[in-house]
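The chains referred to below are lettered A, B, ... by the order of the sequence lines, with proteins before strands, and numbering in each begins at 1.
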Amino acid sequence: MASFLINTLGLPAWLAWTITATVSAALILNVMAVGALVFIWAERKIAARIQDRLGPTRTGGKFGWLQSVADGIKLLAKEDLMPEGADGLLFRIAPYVSFCASFAAFIALPFAFDFVGQRLNVGVFYVVAVLGLEVFGVILAGYASASKWSLFGAMREAAQVVSYEVPLGMCVVVPVMLAGSMDLVTIAEKQAGWFTNWYLFHDPFTFVIFWVYFTCAVASVNRAPFDLAEAESELVAGFHTEYSGLRWSFFFMAEYGSMFLVSALASVLFLGGWNGPVPIASLLGLSEGTGDTAGYLVRLVGCLNLILKSTLGVVVMMWVRWTLPRLRIDQVMTTCLKYCTPIAAVMFAGAMLWSFFLPGGLVGIAGRRILSRPAGEIREGWLKGPGGRGRDVVSSRPITEAAMMPAPLHSDDGRRVSR
Amino acid sequence: MMPSTLLGPASLLGPTSLLGFVAGGGTACGFAMVPLAAVNWHGLFFLAFAVVACVMAVAVVLADNVVRMAFYLVLSLGATAGLFFLAGAEFVGAMQLMIYVGGTLVLLVFGVMLTAQAPFVSIKTATGDRVLAGIVAASLLAVLLQAAFSVHAWREPGRFPGDTGGVVEPMSTPLGMALVGVRVDDPSPGLAQENGGGNGDGSGGAAAGGRSGYLLPFEIVSVHLLVVLVGAAYLARAKRRRSSRELSEAAR
Amino acid sequence: MNPLVDPVGVVHYLVVGAVLFTAGIVCMAVKRNALGVLMGIELVLNGANVNFVAFGSPVLRADAGPLAIDGPVIALFVIVLAAAEAAVALAITLNFYNNHSTVDVDRADELKG
Amino acid sequence: MDEPGGISRGSLLEDPRLDDQRIIEFDVRTDEMLVNMGPQHPSTHGVLRLVLRTDGEIVSEVEPHIGYLHRCAEKIGENLTHRQWIPYTDRMDYLAAMNMNLGWALAVEKLMRHRVSERARHLRVLIAELGRISSHLVGMGAYGLDLGTFSPFLYAFREREKILDLFEEACGARLTYSYITVGGLTADLPPGWLLKCEQFLDQFEPVIQEYHALLTTNAIFVKRTAGIGVLPREMAIDYGCSGPVLRGSGVDQDMRRDGESIYTAMYDGYAFEVAVMKNGHYPRDHAYPPVPSDAVLGDCWHRFFVRMLEVVQSMDLVRQAIDRYSACKEPLGEPLKLTEKMPAGDAYLETECPKGQMGFYVVSDGTAIPWRARARSSSFSNLSVLSELCRGCLIADVPAIVGSLDIVMGEIDR
């Protein structure tokens, strides 16, 4: 798009890039905002169905499609209150901090092969790190509200999220290890093909660790049964007790955005990303590279695939929320430190040993390397890696940029350059 | 071509164009001094991040409220992470976000907890101290800037990120290898042989070359972290015990 | 030298690093709040980090050479050690608060605990 | 250095190491915080105000403040005739208004030495036990809400609605019935009502298994309630607790069996076993889920479980009452006149209401208007034990404990 603007319209480069970046940012923002609207509606309907009710039925037609929009308008029109004694600056800025963190994490999230705001070499790491910043807004809100309930909520959130980052990180590392890359695009590409290639089914350890990841993800985005920070029966509304109107809705957009994000991350890391369970495209002889329109369609289907999987994750979170009671803070910490962390550590070690000793998977022993194709490649890549050459600036030998990469990255980078 | 670049436009921009756009909000677009067509993106975002980092650092100094100080500090550190991304050190940037900013988060929590009582929220600095500090700061800054500008090689303009052919060089893999003791840029001949052998573990050749890997420092740091963890837990342990002598005295 | 037009070079980063470093030093010097002093230390380390990354960045200089790895690695070590340092410093602050009921470092003028 | 107040008393901190003389101080010095829970708080069941003294998440002291719903009901009772006061008893425990009506009616009947007809007796049992089911359904659902799960609340209300429908058909009201009144009931059941009631019971029976699955046996629910807020038997008796709170502590007392004869006569011929743990097990008349291993007698889980058992027990009683009621061929009889004079003297009667033993005291000077009308609230006594139970618990346990006491502010403040 930028090159189109530069070459065809003759815009200055910086303007072209500004426009391009704005469009991308707007698209991601749309994913988040519209996603939040849809998810809030879905949450109402799902909760209603679980509770033997109907949920919204009138606003905007039969299924209450426009209920979220109506809510949004109501929130916009609501008075924005700030308690006396609050720290004005921090109180005002806190919801946006939360929202920005959630939003910024979307930048590195690939929706399909090339549908990514910014492909980052350290994508996984970046997403987890930025997601962890969301707690920041919550703490600021809790402190700045000058309310004891808010403070309780903030402190709980801080303890919980900081603790859960440990097992979450350990879970995330496993697919990174298997793929040999922290690039989300690469990780998802490694799982192309039939659903048996998904890391969920890579080995028993990854299967277990997916559920650990999901638990930790639910905890780190503050959803029931880990929604201690806003536990309405204990802390009134926790950190957002004093918020109203638009600022309050920003907290909610951040929450739903994060929910979608961790689900999407789970899809990319464990459920094959944009690859469907059946590689229809490649069976039909299509790929991302064949032709503009066909490739675009393939990517579009992939995008739908990913959104579908993520939505499934979000729905499961809702299902859990409307079924289970809330844990107590000490039980939440016990779950994290006594169960999730050790399990994640053991599973990490197990997955490591598995991919070392059984790079071809169980079937691989039998001589058929259909399953877990990537693991073997990564090992080869690692062995080959040190033998590659350093960068040109030092050595007198001509060295290609790709040579310093492990083999798997090499190929896809090459593809990228060629495009 | 159009569809493929719809969402992936920024490969020429350096890694953080979008992040930069969000964070910087395009604040620096209004520089009227230079012809607009000549503006380059990298510099624009560098400016945005640099301004945020510096201004927030100064704000940390000027603020009195601990929680606000921590907030400014986080913004400053976050902007610095952006600078790291711009410099191509993506891994360091992400690390900075995760560990540094996360660590500051704990600082903030402590700030909140320790200053729940009003008197500690803001401990004012004497004006004389401020003036004195200002003088010292100015001279220190002058020295540092002079030093920075004194070396000619440092004043050379860098490359446009686009010069590398649009591919962001992946930094994390060589970094990780360096940490386990393997230098990918090591031209030592030993590696070539190993490569030919096909089953070398790669670590043997590192010592042969001039540049060493970081396996030992890495291990030391990990042990250090463990020690620090134990030490911090000890310092902030839950209870203190009376010695047996004191006990017997108390009993008498 | 204009960063808007020319490519950003090492010296630009050095200036940022210098400002952060100075701010940190001043922060350490003038803050009476122990946590403020701690934040000053973080700023100083961060300023140093900017320099490490700048010197090692192949984007900023053509002659980065082996520093392309050394710079980031050292920066990583600094970050990790800063985190460790923060943990210990916080523990000390906590102890200090317990003994003196304040976090004002000016009141820490006796050696016995 | 002085020890932070209250922290060493906590049940959570009942750690043998704390008695260690060598420990002289807590290193992390903490400050206490006074937190106001209520009167506008989602989980204080109305307008109860709790002042929590907390140390971090640990509650060292809870002080209930009551009186936000005081409506001078007892004083009003001195200006109305006995039957006119019935609607005011509706508004005491508005979740079990039928049982409130019954309590006052029986107290006045005791003073007047009035016996209602057999048919009225069985109808009263039927209605009162239905009222008990509906009250326990609210208590159970709201308890789930206190613990952070929303769905059981609506499941419970769904069934309660059906009971309210039955009540509405019988007396025209859904919340404040004034159905049972001095000298009988205001009206007989409409035709077909018994059939509907039986239909309700038939479909309600399997639903209880749902409640057990969602709450009673749910792992998180057990973790949140088992061993929390343990009320020892002696303390329960000392504080005058009653109802499921008392029985949850293992005290075998139920006014329907142990009360005064005018009340127990109502249940003559009815077979029921008091829902209390005896010799380590609950009554075995139905298949109940087993008691979890970490539940201690007298904790929140047991109080909750007793309520669940009483729902089943009341269903049995309702079935029996339906049989006996339909067997009665004599007429229902008219209630006493509004201005029927009471003999001079006084009478006090405690009945087994869903929340506990509700006592009504009436003093008469010979007119139809009581000289004194007083109510002994069961929730009031049950609430008084709160500060003992909450000592040293976590903040999240406070709603769990308050919810397990199942109080109604309308009854406490009157």
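- At a 4.5 Å heavy-atom cutoff, the contact between C:L45 and chain B is made by backbone and side-chain atoms alike.
- B:M98 CE to C:I79 CD1: the interatomic distance, rounded to the nearest 0.5 Å, is 12.0 Å.
- Across all non-hydrogen atoms, the minimal contact from B:L73 to C:M39 is CD2-CG, 3.6 Å.
- Taking chain B as the reference chain and counting heavy-atom pairs below 4.5 Å, the highest number among C:A23, C:A89, C:A83 is found for C:A23.
- Of all non-hydrogen atoms in B:F84 and C:V50, the two that sit nearest each other are CE2-CA, 3.8 Å.
- Listed by first then second residue, pairs satisfying side-chain hydrogen bond (donor to acceptor under 3.5 Å, both in side chains) with a partner in residues 78-88 of chain B read B:T80-C:N46, not counting sequence neighbours.
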Chi angles and distances behind the side chain to side chain contact (heavy atoms under 4.5 Å, CB included) call for B:M95, C:V80: CA-CA 9 Å; B:M95 190 93 160; C:V80 172; 3.8 Å; yes
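- In this structure, no portion of C:A29 lies under 4.5 Å from any heavy atom of chain B.
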Is there a side chain to side chain contact (heavy atoms under 4.5 Å, CB included) between C:V73 and B:F218 once you walk through the steps? CA-CA 10 Å; C:V73 167; B:F218 187 64; over 6 Å; no
Mind running side chain to side chain contact (heavy atoms under 4.5 Å, CB included) on C:V16 and B:F49 for me, showing each step along the way? CA-CA 10 Å; C:V16 175; B:F49 281 126; over 6 Å; no
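- When each of C:N51, C:V26, C:T22 is checked for heavy-atom pairs under 4.5 Å with chain B, C:T22 comes out on top.
- Residue C:F52 does not touch chain B at all, counting heavy-atom pairs closer than 4.5 Å.
- Counting only heavy atoms from C-beta outward, the side chains of C:N49 and B:Q96 approach each other to under 4.5 Å.
- For the set B:V51, B:V143, B:L141, the entry with the most heavy-atom pairs within less than 4.5 Å of chain C is B:L141.
- A distance of 9.5 Å separates CG of B:L145 from CG of C:L14, quoted to the nearest 0.5 Å.
- Side-chain contact between B:P217 and C:F77 is present, with heavy atoms from C-beta onward closer than 4.5 Å.
- Contacts between residues 131-140 of chain B and chain C, defined by a heavy-atom separation under 4.5 Å, are made by B:A133, B:A137, B:L140.
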